[in-house]
Chemist: 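Provided herewith is a single structure, encoded as structure tokens, for subsequent inquiry.
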Amino acid sequence: MNERTRRYLRGRFGDHYRGTELSPPPQPNEREWGYITWSSGGTTMIRHHSWMEVGDLRTFLTDERPRHVYFSAGRYDDPGAGSMSKKGWRGSDLVFDLDADHLPGVDPDEDSYAEMLAVCKDALLRLLDLLETDFDFEDLTVVFSGGRGYHVHVRDDGVDELDRSHRREIVDYVMANDVDFESLVNRESVAGLGLKNPTDKRSLDTTGGWGRRVHDRLLAFVDEVRELPDEEARERLQSFEGIGAGRSKKLVEVLDDRYDELAAGNLDVHPTVVRLADIFAEETFAAETAPIDEPVTTDINRLIRLPGSLHGGTGLAVTRIPRDQVAEFDPLHDAVPGTFVGNDIEVTVDEPTAVELGGGSFTVEAGTQTVPEYVGVFLMARDHAEKGKE
Amino acid sequence: MERLHARYPFFAAAREAVDAAAVDLGELVTRPDEPAVDRAVDRVVSALTDHTIGEPHGDDRIELLSYPVARVVVSLVDDPVVTRTYAKAEAATAHERVLADLDGGDDLKFTTNDTDLTVERLLAEFDLEDEVVPTEDGYEVAVTRYLQLAADLDDPDWRLPRRSLAAGDVPVTRDELLELLRAAIEERVAAGLPFAVPDAIAAELDHAVAAVEDVLSDPAIPTEFADVDPAAFPPCMDALLERARAGEELPDHSWFVLLSFCATVGMHAEEVVAIVDPGDETVAERIRYGVERVATSEGEIAYPPVSCATMQTYGDCVNKDETCETIAHPLSYYETRLAADD
């Protein structure tokens, strides 16, 4: 990035902050604040600032015009102290970070920005389901990071005081770490009539946890099979390895006759049901976990991007998303700052590049080009273009 | 009354009973052969030697008074490992008593209903009534509280991913709840320890402190190794390394123990920089400075890393494996693994 580009972006970030009302996180005076400037080679975080030093947020942002702005998940007695041990920890928000770079099934070299963000959005919805359904968290702030993913800040009662090992357990739950089908099966010893030896009665929990999620999936499949005409039902069952014609016939009967027991969690209605449940357990873990960035959640002192600020690597706004609008949110449209809409600017591009942004697709050839300002800002911030002379 | 207080001296009501009896602890500890002082030493020494608090004194009053005296002794010893071990032992004994009192409470013959031990009474004692509610088959614990109470329990069945978490609550059986309460008791015992003890009282308890310090053995730890082999690092150091690599600013004690460990196994500052790979010159500088501080100019280690017990106290003992069960010091782990790899 050359000096002219840097000066331009810094100036326009300042214009943006002059025209925008930002709301700080709760208890801003107890948090550490940090930022990265536009200086060349500028990846050094200036940190350990207190709210006192930041002062009025808008004045700080319009004067400093930083490239990136962060606040701490943690709250402290003395947030401006130069080292963590001197700050005096009071508590921390519980923060989750979904980063497209780390998602399974995403290839940052192959997939477009839009594709990566779409995959990330799916993961976000799974994360929210776990946090809301299983954990019953209610005070959630969902944020588009302005870059490659989403953040969720949780501030429910009781979360504040959790230390890193407690947060680690939450991570493990969300990712279904250290849990497999066997560990979810409840075994109750029954010494039944006519049984020589006591035997285990195997069941899945239908009330909560990963057991409930596996059971829901298994039962949904059973419901689907029962809806089918017998022959199709048998074929559907035979699509699983190890289920032949004879077994599928018997199974179709069992799924009907002993449906209530199955619905109550009993797996011992037929030997094959245990195997099916095992298969659906793997499917559940793959389909319902959220691949969050673990160190972000376990680090109680983490610095997180300030919602409302601009991401210096894209020029997009770090955007708070109201919970009921998460499903419809389109980062490539909704996070384009109004400041950069309505002007065209000249940029110089070395290599031809394609950008999908603001509801349009742009193919930018090499050389000096006139593009909508938000496209130019995006390309410059990502180091794909320099500011043209004007 | 007295009986319940003697059995559960950390209850708020027991403390009030001591206050109400207007016993001057400062005066009590000056009495020669005071049985409450002897019993206090026994509580702490038993905690260190066999993780119990020893046999209760036959006199409930002495038994009750020995608890605040034991807290004074622990404060004077002023060692985080002793404090933690003592709190754990008090909690373990209390847990056994709770089980006995709830199940076989008939032979205890408490005189009034409000001193009968019940689960509800325990929940109220630890201010958990809002976070733990009875259900048909047991109890439901609010998940954030569950995480705190279950943190020290090793059995994988306590892991959150295996629990039936629903709507923010973790269902537990009654026996499981009582085990969780052990952690609450431990926290109660450890709260406020160590505190400042007036010199006059400290002087009277010299012999008690000496008795405790006598049992604090200093096991020989290995400090010379044939090889530098990060693959033989114990899981606790691996975990600290991983956090440092992820860019986390470790708490001072964790940072110190990691650098000290690396230096003791024979790594030079630049090797430590390379393995942490901070990607940030400030952190690299911090590593060089730290490694220099722990090692003397002759290359000897001025500050060896801490034991497993201390690592546990600081919450840095994580991901324990089979080798961990056989050693008491991270350096012993390293020595064992090096030998096994040869």
Side-chain angles (χ1 to χ4, degrees), chain A residues 43-45 47-48 83-86 89 94 130-138 154 156-180 183-184 186 204-212 285 289 293-296 298-303, chain B residues 128 130-131 135-137 140-153 155-172 183 187 239-240 242-256 279-283 286 312 314-319:
Chain A
T43 50
T44 307
M45 173 102 72
R47 55 181 301 181
H48 305 307
S83 79
M84 285 305 155
S85 53
K86 292 197 183 104
W89 184 67
L94 177 65
L130 286 160
L131 297 182
E132 291 174 336
T133 308
D134 295 21
F135 286 89
D136 199 32
F137 289 142
E138 290 171 349
V154 182
D156 281 67
D157 287 346
V159 156
D160 210 40
E161 61 203 77
L162 299 178
D163 72 18
R164 49 173 293 117
S165 68
H166 308 139
R167 288 165 201 252
R168 172 86 216 183
E169 285 291 293
I170 296 177
V171 168
D172 285 341
Y173 188 91
V174 164
M175 301 179 80
N177 288 337
D178 302 327
V179 56
D180 57 15
S183 66
L184 292 176
N186 297 320
L204 276 176
D205 200 318
T206 61
T207 58
W210 283 103
R212 196 263 303 166
F285 299 143
T289 49
D293 189 5
E294 300 181 39
V296 174
T298 53
D299 185 355
I300 53 176
N301 300 312
R302 197 76 175 191
L303 296 186
Chain B
L128 289 168
D130 291 342
E131 290 170 305
T135 62
E136 241 171 64
D137 328 309
E140 279 179 354
V141 186
V143 60
T144 48
R145 182 62 60 202
Y146 174 87
L147 290 174
Q148 292 170 319
L149 295 175
D152 279 347
L153 296 168
D155 191 304
D157 283 344
W158 291 104
R159 301 289 319 281
L160 189 63
R162 298 191 178 186
R163 304 302 303 202
S164 191
L165 174 65
D169 293 315
V170 181
V172 297
E187 274 321 298
L240 289 178
E242 198 180 303
R243 284 166 62 189
R245 284 196 196 111
E248 182 178 337
E249 186 172 337
L250 298 178
D252 284 351
H253 55 81
S254 305
W255 182 246
F256 173 78
D280 178 341
E281 192 47 34
T282 336
V283 180
R286 221 180 141 212
Q312 271 168 9
Y314 287 130
D316 283 337
C317 171
V318 294
N319 309 334

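Keep in mind that this is a model prediction, so the values were computed, not measured. Any value given below was found using the heavy atoms of this structure, including those in side chains, with hydrogens, waters and symmetry copies removed. Each chain gets a letter, A, B and so on, in the order the sequences are listed, and its residues count up from 1.
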Chemist: Between A:R168 and chain B, with a heavy-atom cut-off of 4.5 Å, which part of the residue counts as in contact: side chain, backbone, both or neither?
Modeler: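 A:R168 has no heavy atom closer than 4.5 Å to chain B.
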
Chemist: Can you name the side chain to side chain contact (heavy atoms under 4.5 Å, CB included) partners of B:V283, sequence neighbours left out?
Modeler: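 By the side chain to side chain contact (heavy atoms under 4.5 Å, CB included) rule, B:V283 matches B:W255, B:P278, B:D280, B:I287.
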
Chemist: Report yes if the side chains of B:R159 and A:D172 come closer than 4.5 Å at any heavy-atom pair, otherwise no.
Modeler: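 In short, these two side chains touch, coming nearer than 4.5 Å.
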
Chemist: Can you list the residues that meet the side chain to side chain contact (heavy atoms under 4.5 Å, CB included) rule with A:S85, with sequence neighbours excluded?
Modeler: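 Side chain to side chain contact (heavy atoms under 4.5 Å, CB included) check on A:S85 returns A:S83, B:D252.
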
Chemist: Should A:E294 and B:R243 count as an ion pair when the cut-off is N to O under 4.0 Å?
Modeler: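 Between B:R243 and A:E294 there is no salt bridge, as every charged N stays at least 4.0 Å from the carboxylate O atoms.
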
Chemist: I need the minimum non-hydrogen distance between A:I170 and B:L147, along with the two atoms involved.
Modeler: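 Where A:I170 meets B:L147 most closely, the heavy atoms are CG1-CD1, 3.5 Å.
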
Chemist: Let's test your reading of the structure: which of B:A150, B:A246, B:G315, B:S164 forms the most heavy-atom pairs below 4.5 Å with chain A?
Modeler: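 Heavy-atom pair counts peak at B:S164.
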
Chemist: In terms of heavy-atom contacts, does CG of A:D157 have more than 12 from other residues, nucleotides or ligands at under 6.0 Å?
Modeler: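 No, because the 6.0 Å sphere around CG of A:D157 holds 12 heavy atoms or fewer from other groups.
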
Chemist: Go through the atoms of A:R167 and report whether side chain, backbone, both or neither lie under 4.5 Å from a heavy atom of chain B.
Modeler: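 Neither part, no heavy atoms under 4.5 Å.
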
Chemist: Can you establish whether the number of heavy atoms outside A:F285 located under 6.0 Å from its atom CZ is more than 12?
Modeler: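 Yes, the 6.0 Å shell around CZ holds more than 12 heavy atoms from other groups.
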
Chemist: So, taking the atom named NE2 in A:H166 and the one named CG in B:L160, what distance separates them when rounded to the nearest 0.5 Å?
Modeler: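 So the NE2 of A:H166 and the CG of B:L160 are separated by 11.5 Å.
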
Chemist: How long is the gap from OG on B:S254 to CZ on A:R164, to the nearest 0.5 Å?
Modeler: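 Result: 8.5 Å between the selected atoms.
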
Chemist: When rounded to the nearest 0.5 angstrom, what is the spacing between CG in A:D299 and CD in B:E249?
Modeler: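 Here the interatomic distance stands at 9.5 Å.
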
Chemist: For a 4.5 angstrom cut-off between non-hydrogen side-chain atoms, does A:F135 reach B:D169?
Modeler: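 Heavy-atom side-chain distance check fails, nothing below 4.5 Å.
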
Chemist: Does B:R162 use its side chain to pair, donor to acceptor, with the backbone of A:W210 at less than 3.5 Å?
Modeler: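 Checking the backbone N and O of A:W210 against the side chain of B:R162, no donor-acceptor pair under 3.5 Å is found.
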
Chemist: Using non-hydrogen atoms only, which part of B:R163 is less than 4.5 Å away from chain A: side chain, backbone, both, or neither?
Modeler: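 The backbone, not the side chain.
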
Chemist: Please look at A:D180 and chain B and tell me whether the side chain, the backbone, both or neither of the residue comes under 4.5 angstrom of a heavy atom of that chain.
Modeler: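 Neither part; nothing is under 4.5 Å.
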
Chemist: Which bit of A:T133 is near chain B, if near means a heavy-atom gap under 4.5 Å: side chain, backbone, both or neither?
Modeler: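 The backbone, not the side chain.
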
Chemist: Are side-chain heavy atoms of A:N301 and B:E248 found at a separation under 4.5 Å?
Modeler: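 The answer is no; the side chains never approach within 4.5 Å.
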
Chemist: Quick check: do B:P161 and A:M175 have side-chain heavy atoms less than 4.5 Å from each other?
Modeler: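 Result no, sub-4.5 Å side-chain heavy-atom pair not found.
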
Chemist: Can you tell me how far the CG atom of B:L165 sits from the OH atom of A:Y173, to the nearest 0.5 Å?
Modeler: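 Rounded to the nearest 0.5 Å, the CG-OH separation comes out at 4.5 Å.
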
Chemist: Should the pair A:E161-B:R145 be classified as a salt bridge under the 4.0 Å nitrogen-to-oxygen rule?
Modeler: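 Salt bridge between A:E161 and B:R145, a charged N being under 4.0 Å from a carboxylate O: yes.
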
